[in-house]
Amino acid sequence: MFHEIKARQEAQGLDPWAPFADAEEWGLVKWLISRVGQNAIEEFMKLPIVILMKAIDQLPRGTEWQLKRISVEGNKLTNEQQYETEDLELWMRDPVECIRELMGNPEFDHMVSYAPERVFSDAEGKTRRYDEMWTGDWWWEMQGRLPQGAVVAPVILASNKTSLSQFRGDQEVWPVYLSLGNISKNVRILIAYLPISKLECFTRDTRSVERYRLFHYCMSQVLEPLVRAGAEGVDVTCPDRQVRRLYPIVAAYIADFPEQCLVACCMENRCPKCVVGREERGDMKNSPMRDRDSTVENLRLHCDGEIGKDQFEGELGLRAIYSPFWAALPHNDIFSCITPDILHQLHKGVFKDHIVSWCADIIGEEELDARFKAMTSYSGLRHFKKGISKRKQWTGADYRELQRVFLGVIAGAVDNKVLTAVRGVLDFIYYAQYRTHTDETLAHMHAALTSFHASKHIFIDLGVREHFNIPKIHSMIHYINAIRFLGTADGFNTELPERLHIDFAKRAYRASNRRDYVMQMTTWLRRQESIHIQDAYIRWWESHHPVNQEWQDSDASDSGSDSDDAGPGLLENRVDLPSQVQRFTMVTGSRGYFVPRTCPFPNSTIQRLLTDHDASLFIPALEEFLQKHVDVYKYFKTLSPPRPHINNHKCLFKVHASPVIPASDVRRPPAPAHFDSLRVGEVRVIFKLPSRLGNFPHPLAYIHWFRPLQTFDENMHSFRLSKSSRQRGPYALVVPVHQVLRPCHLIPRVGRESDVREDFYLNRYIDLELFDRLSV
């Protein structure tokens with residue numbers, strides 16, 4: 001892709017920023033187009049906007065948008081005894097050309113997988129590891145079907161209808177996204193806007209099924225180029241400039257539950273993946289998977305009148321969609337393509353809509369709110385100051401915040417079997433979010449699901465449920481096989497398509513005049529994509545034309561000076577973390593700490609530490625330095641080694657030790673002191689000693705210790721801690737901060753009447769890193 005752009009520019013004698021004058025003008029254009037509305041651009045430039053847009057239209061383009069007009073004939077008659085019709089618009093792009101665009105991007109060089117691999121986490125090759133799609137069994141199965149030397153291009157589709165108008169109107173769009181299993185999970189490209197209509201040309205009793213048929217017809221039009229390409233293959237130039245024969249095959253379909261059922265042509269009281277009975281979805285039961293060929297045959301038989309409605313809908317649970325889009329796709333089994341949906345099935349469905357609701361019925365909303373209000377603080381943890389019962393709008397981030405503390409909140413207020421069931425669900429959700437799985441972690445995931453099912457009847461015994469015949473609870477049984485088949489579930493979460501709606505739908509809509517908005521949205525998206533392609537091309541061009549080579553002669557007079565602007569080759573080995581990581585003091589190759597350059601409490605008196613930090617034993621802990629002054633910090637940061645299941649990069653944590661802060665408003669109480677728990681200790685003061693008192697290579701932390709991790713609560717599956725004491729006071733010690741591993745969160749142990757006790761639970765759900773560390 002970029003080589004062709006470069007060749008055209010060189011043939012015309014153009015700079016890489018053309019049609020713009022230089023890098024500065026290009027930077028201004030990027031900022032204007034991405035951040036400023038059209039009217040504001042006009043006002044800013046004092047020029048007709050058409051000049052700028054014409055220049056942008058000269059930039060390289062992605063795959064062009066095409067309009068297909070669809071005329072739908074209904075079953076209602078007009079006054080002239082003619083069937084009513086409705087004209088719709090389907091905006092789409094050729095998926096094969098989109099695949100060429102993705103695979104031809106030089107930025108993906110060395111990041112593309114062309115063949116499946118079996119990866120093992122042990123030297124003996126006994127423990128299988130799963131992460132990207134190329135580590136799963138699906139790719140191996142497809143590779144065996146294709147000719148020698150063929151490259152599988154696993155096509156990942158995602159669709160999700162979304163609203164464009166927040167407060168009024170009923171404008172909606174239905175985007176369809178495409179990605180490839182050969183590249184990063186986070187790369188998506190928009191390939192279609194499906195039409196949305198009430199289809200009022202049909203009678204009310206038929207509109208629903210006709211909308212289903214319209215969806216499948218439109219999807220068949222969008223994906224039609226994949227039929228031949230998947231069967232015969234297409235030659236594609238890859239990022240390494242090698243031409244390979246690619247076979248694009250639909251491997252995964254990401255959607256929420258209603259759309260999963262729409263894709264699978266099944267009723268919403270059935271599973272879109274297997275043939276489990278509609279009254280058996282609450283059991284931990286493995287049922288046969290749906291079969292593509294038999295489903296197509298049953299649809300044909302019903303169309304021909306050879307299967308009655310009772311058998312077709314009641315027994316088979318199918319919808320009368322006689323031409324599903326996936327029927328013509330080669331090598332495709334749509335039912336195994338349907339992926340886990342962590343957001344809607346687990347976070348929102350099983351956890352928030354069911355587990356939280358059931359526990360609220362058991363405990364009572366007032367008591368549950370009181371427990372959330374009493375939750376201890378932790379850096380980055382959301383504090384539900386008003387409880388949760390009155391909250392109306394929830395996001396995926398809100399669900400995750402609830403999960404971080406929920407088990408500790410309900411402990412002491414519910415039966416131990418309830419704790420076991422809730423813990424099973426939380427463990428399952430946390431394992432489902434792993435970026436990398438092994439046979440061992442999948443076994444833990446299965447054990448968590450088994451634990452929930454073994455204890456779930458307590459909710460029936462307590463009268464908050466009558467059955468568990470719930471589709472989202474049933475969906476959990478398919479997660480482990482899906483991970484083995486397609487790779488880890490984090491790459492198939494519907495949260496990513498919903499985030500893409502912001503750029504590909506909502507921002508595009510706001511850039512339109514709200515009339516014929518889909519056409520204007522495609523124009524806006526085309527220009528945004530041109531900006532993105534040009535920007536990527538310039539980065540690629542600059543990487544091949546570093547300053548010290550291209551302009552060496554013209555800058556010869558400055559050759560003796562050192563430059564602060566390192567070329568791309570000099571930055572390859574930098575840590576992929578915020579810039580402040582470069583200032584960390586490294587303890588080992590993968591562990592370190594960081595203390596702010598500016599001390600917020602310099603030259604603090606010892607008396608201030610005793611009062612504001614509640615460091616009552618600071619003097620005995622540092623008795624050789626009595627009555628001296630020290631520099632006191634609010635926090636320090638620790639850098640921990642990566643954990644493969646969670647993140648390939650080092651983990652950054654902040655450890656607080658803030659004193660009491662007087663309120664600026666006299667009507668409000670002062671902000672309480674904030675101290676983070678660290679392993680089995682509470683950091684009360686972070687400080688440095690004056691240099692005249694000696695050479696101390698690391699800052700120091702004054703800590704109040706908890707008793708050793710010895711008491712393990714089987715129901716909570718967590719350690720129970722209490723404060724350690726010496727001579728009727730806290731057990732205090734000063735340690736160098738380089739001995740700190742990471743912060744942790746302690747949840748106070750609360751009784752049934754909200755009476756707070758003197759011991760705590762070590763919260764293993766505060767983040768995935770600690771969950772993984774304590775689950776070993």
What verdict does the ring pair (Phe, Tyr, Trp, His ring centres under 6.0 Å) test give for W326 and F335, after you've listed the backbone C-alpha separation in whole Å, the side-chain angles of each residue and the deciding distance to 0.1 Å? CA-CA 10 Å; W326 41 263; F335 307 112; 5.6 Å; yes
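- Between C238 and L246 the shortest heavy-atom distance is SG-CD1, 4.4 Å.
- Between H331 atom NE2 and L226 atom CG the span is 12.0 Å, to the nearest 0.5 Å.
- With respect to R213 and E210, a salt bridge is recorded, a charged nitrogen being found less than 4.0 Å from a carboxylate O.
- Proximity of S113 to E132: side-chain heavy atoms (C-beta onward) are nowhere separated by under 4.5 Å.
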Side chain to side chain contact (heavy atoms under 4.5 Å, CB included) assessment of L157 paired with V250: CA-CA 7 Å; L157 299 174; V250 174; 4.2 Å; yes
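- E101 and T63 are linked by a side-chain donor-acceptor pair at a separation below 3.5 angstrom, with hydrogens and angles left out of the test.
- The number of heavy atoms from other shown groups lying within 6.0 Å of CZ (R391) is above 12.
- Closest heavy-atom contact between L190 and V176: CD1-O, 3.4 Å.
- Shown here for K472 and G349, the closest heavy-atom pair between the two residues is CD-CA, 3.6 Å.
- Residues W134 and Y114 keep their aromatic ring centres 6.0 Å or farther apart.
- S220 contributes no side-chain N or O that, together with a main-chain N or O of F325, makes up a donor-acceptor pair within less than 3.5 Å.
- Here the OH-CG distance, from Y217 to L90, works out to 8.5 Å after rounding to the nearest 0.5 Å.
- For the pair R526 and T523, the minimum side-chain heavy-atom distance is below 4.5 Å.
- In summary, the side chains of W65 and T522 do not present any donor paired with an acceptor at a separation below 3.5 Å, with no hydrogens or angles considered.
- Between the side chain of D256 and the backbone N or O of E259 there is at least one donor-acceptor pair closer than 3.5 Å.
- With W394 as the aromatic partner, K352 meets the cation-pi criteria of under 6.0 angstrom to the ring centre and within 45 degrees of the ring axis.
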Show your reasoning for whether side chain to side chain contact (heavy atoms under 4.5 Å, CB included) applies to K68 and C218. CA-CA 9 Å; K68 181 177 178 62; C218 292; over 6 Å; no
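- A donor-acceptor pair is defined here as one N or O able to donate and one able to accept, closer than 3.5 Å; no such pair exists between the side chain of E529 and the backbone of L525.
- Partners of Y399 by ring pair (Phe, Tyr, Trp, His ring centres under 6.0 Å), not counting sequence neighbours: none found.
- Using a distance-only test at 3.5 Å, with no hydrogens or angles considered, no donor-acceptor pair links the side chain of D490 to the main chain of Q433.
- The distance from the OG atom of S179 to the CE atom of M133 is 8.5 Å, given to the nearest 0.5 Å.
- The shortest non-hydrogen separation linking A489 to A432 is CB-O, 3.9 Å.
- Here the side chain of K273 pairs a donor or acceptor atom with the backbone of I338 at under 3.5 angstrom.
- Under the 4.5 Å side-chain criterion, counting only non-hydrogen atoms from C-beta, I99 is in contact with L178.
- Considering only heavy atoms from C-beta on, P116 stays 4.5 Å or farther from W138 through its side chain.
- In this structure, I191 and C98 approach most closely via the heavy-atom pair CG2-SG, 3.9 Å.
- Residues forming a side-chain contact (heavy atoms from CB on, under 4.5 Å) with A482 (at least two apart in sequence, or on another chain): P340.
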Please set out all donor-acceptor pairs under 3.5 angstrom arising from side-chain atoms of residues 192-201, sequence neighbours excluded.
residue: Y193; atom: OH; partner: F504; partner atom: O; Å: 2.2
residue: S197; atom: OG; partner: E86; partner atom: OE1; Å: 3.2
residue: S197; atom: OG; partner: E86; partner atom: OE2; Å: 2.4
residue: S197; atom: OG; partner: L199; partner atom: N; Å: 2.9

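- Panel note: side chain N182, backbone A153; no donor-acceptor pair is recorded below 3.5 Å.
- Side-chain N or O atoms of H347 include none that pairs as donor or acceptor with a backbone N or O of G396 at under 3.5 Å.
- Electrostatic pairing of D109 and R241 does not count as a salt bridge here, judged by no charged N lying under 4.0 Å from a carboxylate O.
- Side-chain contact between L146 and V152 is present, with at least one heavy-atom pair separated by less than 4.5 Å.
- Between R93 and E64 no salt bridge is recorded (no basic side-chain N to carboxylate O distance below 4.0 Å).
- The backbone N or O of A327 lies less than 3.5 Å from a partner atom in the side chain of R292, making a donor-acceptor pair.
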Between Y517 and V173, is the side chain to side chain contact (heavy atoms under 4.5 Å, CB included) condition met? List the steps. CA-CA 10 Å; Y517 54 85; V173 289; 4.0 Å; yes
Between R69 and D87, is a salt bridge (Lys or Arg N to Asp or Glu O under 4.0 Å) present by the stated rule, with each step listed? CA-CA 7 Å; R69 299 186 185 278; D87 294 328; over 6 Å; no
Could you give me the CA-CA distance, side-chain angles and deciding distance for H110 and D240, then say whether side chain to side chain contact (heavy atoms under 4.5 Å, CB included) is met? CA-CA 8 Å; H110 307 300; D240 58 2; over 6 Å; no
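- No side-chain donor-acceptor contact under 3.5 Å links T237 to the backbone of G104.
- Between the CD1 atom in I70 and the CG atom in L214 there is a gap of 6.0 Å [rounded to 0.5 Å].
- A salt bridge is absent between D235 and R244; no separation between the charged side-chain nitrogens and carboxylate oxygens falls under 4.0 Å.
- In this structure, the separation between CZ on F215 and SG on C265 is 9.0 Å, given to the nearest 0.5 Å.
- Side-chain atoms of W91 and E89 form a donor-acceptor pair, as typed in the model, at a separation below 3.5 Å.
- Rounding to the nearest 0.5 Å gives a distance of 8.0 Å between CG of D341 and OG of S475.
- Between Q143 and A150, the shortest heavy-atom contact is NE2-O, 2.8 Å.
- Taking the charged nitrogens against the carboxylate oxygens, R539 and E542 have no contact shorter than 4.0 Å, which rules out a salt bridge.
- Between R245 and E232 there is no salt bridge, since no side-chain N of the basic residue sits under 4.0 Å from a carboxylate O of the acidic one.
- In terms of modelled atom types and a separation under 3.5 Å, the side chain of T85 and the main chain of E73 share no donor-acceptor contact.
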Using the side chain to side chain donor-acceptor pair (under 3.5 Å) rule, take H532 and D535 through it: C-alpha gap first, then chi angles, then the decisive distance, then the call. CA-CA 5 Å; H532 175 77; D535 198 37; over 6 Å; no
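- Both the sub-6.0 Å distance and the 45° axial angle are not jointly satisfied by R207 relative to the ring of F202.
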